Amino acid sequence: MNTTGKITLGLGIASAALLAAYLFTGDRKKKTTEFIAKKADDLKRTIQKKIESFDDSEAHYI
């Protein structure tokens with residue numbers, strides 16, 4: 001990995017850490033945790049629907 005890639009990766013990680021620190025401080029903490037919990041629940045439901053709807057009852061021959 002070249003120097004530019006390392007700097008870009010470092011800046012990306014640092015900015016993500018700063019954003020997380022900003023979102024989880026003060027009054028934003030409650031709103032952020034509720035938002036993340038809601039989105040995780042929605043994602044879980046979507047995955048469950050996809051798993052339940054998968055039907056591979058037909059035989060496939062090569």
Side-chain angles (χ1 to χ4, degrees):
M1 181 180 271
N2 57 18
T3 305
T4 306
K6 290 178 184 177
I7 291 172
T8 305
L9 182 62
L11 285 174
I13 292 171
S15 64
L18 285 172
L19 178 63
Y22 170 76
L23 290 174
F24 284 109
T25 56
D27 295 337
R28 294 172 297 278
K29 182 177 182 177
K30 184 177 178 183
K31 292 178 185 177
T32 303
T33 53
E34 288 174 358
F35 177 78
I36 292 173
K38 181 180 179 232
K39 291 299 180 182
D41 191 40
D42 291 344
L43 181 63
K44 185 178 175 182
R45 288 183 188 166
T46 304
I47 291 172
Q48 284 294 340
K49 286 180 184 177
K50 286 183 181 180
I51 290 172
E52 291 172 1
S53 66
F54 180 72
D55 182 24
D56 194 20
S57 60
E58 292 186 30
H60 299 283
Y61 296 100
I62 297 176

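None of the values given here were measured: they were computed from a predicted structure.
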(request) For residues 29-41, pull every pair meeting side chain to side chain donor-acceptor pair (under 3.5 Å), keeping only residues two or more places apart or in separate chains. (result) Asp41-Arg45

(request) Tell me, please, which residues at least two apart from Ser15 pass side chain to side chain contact (heavy atoms under 4.5 Å, CB included). (result) none

(request) Look at atom CG of Asp42 and say whether more than 12 heavy atoms of other residues, nucleotides or ligands are closer to it than 6.0 Å. (result) yes

(request) Could you pull out all residues at least two apart from Thr25 that satisfy side chain to side chain donor-acceptor pair (under 3.5 Å)? (result) Arg28

(request) Please write out which residues are connected to Leu19 in a hydrophobic cluster, directly or through intermediates, given that two of Ile, Leu, Val, Met, Phe, Trp, Tyr count as joined at side-chain heavy-atom separations below 4.5 angstrom. (result) Tyr22, Leu23

(message) Once side chain to side chain contact (heavy atoms under 4.5 Å, CB included) is applied, do any residues pair with Ile13, and if so which ones, sequence neighbours excluded?
(response) Leu9

(message) Tell me whether the count of non-hydrogen atoms from other residues, nucleotides or ligands lying under 6.0 Å of CZ in Phe24 goes above 12.
(response) yes

(message) Rounded at 0.5 Å granularity, tell me how far CG in Leu18 sits from CG in Leu11.
(response) 10.5 Å

